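Note that this is a predicted model, so its numbers are computed, not measured.
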Amino acid sequence: MGRSKIIRVRSFAVLVALGLVAAACGGGAGTTTTEAQGEAPATTSATQPAPGGEEQPETGGPEAEAPVIVVSLSTDVDILEPHTFRTTGAYAVTRALYQPPADQVFVEEGGVRVGTSEVVASPILESYRVSDDGLEATFVMNPDARFDNGDPITAGDLAYTFRRTIEGPGYIGLLLPFIGIESSDQIEVVDDRTLVVRPKVASSLFDRFMTFQVFGPINQAVAEANATPDDPWAFEYFTNNAVSSGPYSLVEFDRDRGQIVLEPNPGYPGEVANGGIIVRNIPDAEQRALLLQRGEIDVAVGLAPRLLAQLQDDPNVNVYTAPSTRSVFLGMNVDIAPLDNKLVRQAISYAVPYDALLDQVMFGFASPAGTLIPSTMETYAGDAIDVYTTDLERARQLLEESGVGEFSIELAVPQSSKEQQQAAVLIQDNLRQIGIDAQINVLPDADYQGRRNNRELPLFFHEWYSWGDDPFYQMTFLLKCGQFTNFANYCNEELDQIIAEGTFTTDPVKRQELSTRAQQIMLEDAPHAWLWAADWAVATGKDISGVTKDFTEVPRFETLRKGG
Amino acid sequence: MRRYLIKRAGISVMTMLGIVIVVFFIVRVLPGDAAAVRAGPYATAEKIAQIRAKYGLDRPLWEQFVDYLAGVARGDFGVSVRTDQPVLGELLSRLPASLELAVYSVLVATVIGVPFGIVAAARQGTWVDVVARVFAILGSSMALFWLGLLMIYFFFFRLGWFPGPVDRLAVGTPPPPTVTGFYTIDGALAGQWEVVAMAFRFLALPVLTLGFVLAAPILKMVRSSVIETLASDYVRTARAMGVSPRTVLFVDGFRNALLPVTTTIGIVFGYMLGGNIIVEYLFSWPGVGRYAYEAIQTNDLEALQGFVIMVGILYVALNVVIDLGYALIDPRIRLGRKVTA
Amino acid sequence: MTSLALMGLLPPGIELRAGSIRLEGRELTPDLAEGRTPREVTMIFQHPRGALNPTMRVGRQVARVLRINQGLGASEAKEVAVDLLSRVGIPGAERVARAYPHQLSGGMCQRVMIAMALGCRPKVLIADEPTTALDVTIQAQIFDLIRDLVAETSCGVVFITHDLAAVAEMCDRVVVLYGGQVMEQASTVDLFERPSHPYTRYLLESVEREVDPHIEEKDVDFGLPGCRFAHRCSEVFDRCVEFPPQFDVGDGHTSACFRHAEENSVAS
């Protein structure tokens, strides 16, 4: 009954399948990318791909022996323009291309190089000095520092970069008042190698801002060559291209494949501990973890706490963590009833299951937050003042006192955060026990942000991390009257005054005093219930070391080392 | 035939216009503010307004539509809010990856579904038929994502038979010089046989996942079509005239039974064009599906529109090709007129 | 169904259980039960256009029959096919051979089928209502054709029809069936002049004049034991729950009805 033809067809299919299996097995041992890269640095020259690596192309350079490291970030890389907002992944890449004038001093803690608050000149500077009154900063360029196109990095380039942040269309201009910079006449090019910047006010944030990649020098000549009347700062050019002042050179930026290839920049005077970086976008975090475990990638960022907990058990994987001030809070819009009643907000704050969130949602990869100034941030006053704990009795009492009685309310959560969704469920459970019926509404991110921006959400989640890592900076953005990102619509004059004063106070005692008072106010008024301060975490292969956590918490590539 | 073609072309254009209209308005109705997403966490109201103005999102809807339509006619699908690149260019450069996946998946699905379906029909009621029908049910009801996860877990993670869901080639391997965009073809054309082998290894898991699921409707269609054909009068005639059952199956049965199956394969292929989002996301496949996923997450309207319209256009074109193919194969459609004796 | 059984073409689910079918002394039932079509028997069908493969040119369909049954080579079969087509009265046979069934009229399709049947060189041709779907004028032509072919090849024809006029015109012997059971067998002349079985008489009456209003319209009930015509028979009595044997009622003339029991002997 037509057997022979069917058998022929089926056999063919089986043969094809076997062929695939054979190919997989045959190439299996040698196809781990790390092995293939062990032989040669990643380049896009036309060398034969080598499963098992036989080809050794001729390349010069001192790093020809050092291995290339494959990294997968938490998001893809959308654009490379350094002065506009972009995805988290993009920030990691631009950090490698734009070297800030200053850098933190690092100490080793649990295998992680953690940045301290001490700031010194970065390798592209010969010296960096701020006057005692904080009103004059002098930058002297390192004569050996070069862009990857060979141009020396001059004071003129650094000045141009400053001016671009002040006058350009990017968002950085909004942050400069914090360090007392408002106009370009505060920037003075003394000579080819020397730049002076004169802030109007002294700020403890100045040093740390100088470690941000936004001040990494942009090549002025290239920028001006690519400027157009519509685009005087060459934003379009730098969206897709980079002339690097940092440790790496951009060799490939392939959006289609989600791949970026970086090679050490010979003009960079500092140390680069590896032979290059390949950034690959793996959208699904689970797959990222699997690939890491199989050794197909070396570094995975942006893994959920649950995944991290699993990876800790895997002998092939290192999980590096460090405490961080990245926090998540439950916001309460004080203009939407019944949240306009302070007692209701306090009741909710007592109802949140804080310990359960740390254990079951974050798997221990977090510290308690306590207030808007999380326990991991300087001037945290949780030892001196009472932060909220889980106390359902107290919560019920407060709710009764408020006279509001039982009510139903929307609890919106963004789709992209599994942790926030899980937290919502636990919180909903507790709220139910005190008579509040919270309706969980999972929204696509764009929708969530839109409604939150419009202050339509009564209860909302917000994750906040600022590079400034500064208490008053934090307060400004989240609770200052009229601030756009103050989605709780909270407004308190006394708090505003404290913020205004504290931002420009450098005396640590005074700062602590102001901050403590601010925390008392915020706890009393309870516009936010602070859920946790998530650890900074990176998972790597067993042979990777040198992970670095700085103010920005953006992964550093130049310190990563593979093998010995 | 020519008149048929012209008519078909006209209808296709109308269909595509309809697609553009519907997609445009539906996408605009989606909640969520793309400008806010681009503005980021330090956004202010002015910043967001600025971005909206830059991308023309603040103009009246009908004005945006007319502009968009004019653009599409020119081949300008707008600029992605997320990456600041022209959408058409981004879609076109990612399309070959999706097509390569689609073509091989449909091939595998056909290779599984057609013979299996024929055997099931010829051996109706036996264990072979039962297995085939169970397979069809499994394939139809199985979630693509779940199956994909299983495949990755077992064949990559546990057994290591296939490479992980990283890309179309191993990290650090340069793709072959572009001719078609299909690595398996371009690699062969350039004589880079290791690249071809590698491309197949990376294609294997997603193709098998999709192939398994897509084989189900093909199998069902083949089986019912062959059963129907075998019960037809002309098959009875042929047997009465002494044609052996085997020949009947493959000569009379095959060709006639496969006419409706061609349509099914076409529909399956069309589904692949749009339905790949899940597989591409899971396998980190750099195709248009993943592009669409990112667009959805960030409410990148232009990119989303561009994607849906492109899929719509491809689907319409595909249907025209199928209809033409059908007309060529089936003489009843191809030759209408009677032969006068 | 009987005709299909004769061909070994029973549909799935139905099989040949009992009885005997002999051709020229050879018992055919073992082959038929296995679904093997006997070489000596061929069949033409009721809806001629539907009975031809729509995607194959008719000339090729005929040629294929020739290759299988007469062992002709490809080009020879093509020639003989065209020849056959003109023999069955198709003008312009060469052009028609290149046509597809949907391009031909019903009558022409039937001629093609007859040509195919001829190609089989059968000893027995089963013609299952060959003209029921065709125009009356064409019908006459097809009948002529069949008669000519019988004269030429001396093949036997089993003519299945509801048309008594056709029976009268074409057939030498008649077997009357109702509900799959043989009711009466006789020469055509005998059947029309001396119908013995109640059903036969009923049939002939319904052609000639008004049907007896006592006899209702009812479908065949295959579940009934005994004679299946009993539920409509005006002469039914208690013995009819048993299926009657064939009784001799004349020379080569049998009728299966217990009414004949007293006078006649059972046919062997």
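Aromatic ring pairs are classed by plane angle as parallel below 30°, tilted from 30° to 60° and perpendicular above 60°; the pair Tyr104(B) and Phe200(B) is perpendicular.
Your options are Cys120(C), Pro54(C), Pro122(C), and the one with the most heavy-atom pairs under 4.5 Å with chain B is Pro54(C). Note on Asn69(C), Val65(C), Thr55(C), Leu52(C): by heavy-atom pairs under 4.5 Å with chain B, the leading option is Thr55(C).
The contact between Met116(C) and chain B is made by backbone and side chain atoms together, counting heavy-atom distances below 4.5 Å. Neither the backbone nor the side chain of Arg98(C) comes within less than 4.5 Å of any heavy atom of chain B.
At a threshold of 4.0 Å, the pair Glu169(C)-Arg147(C) counts as salt-bridged, since one of the basic side-chain nitrogens sits closer than that to a carboxylate oxygen.
Few gaps surround CD on Gln70(C); more than 12 heavy atoms of other groups in view lie less than 6.0 Å from it.
For Phe143(C) and Phe159(C), the ring centers are positioned less than 6.0 Å apart.
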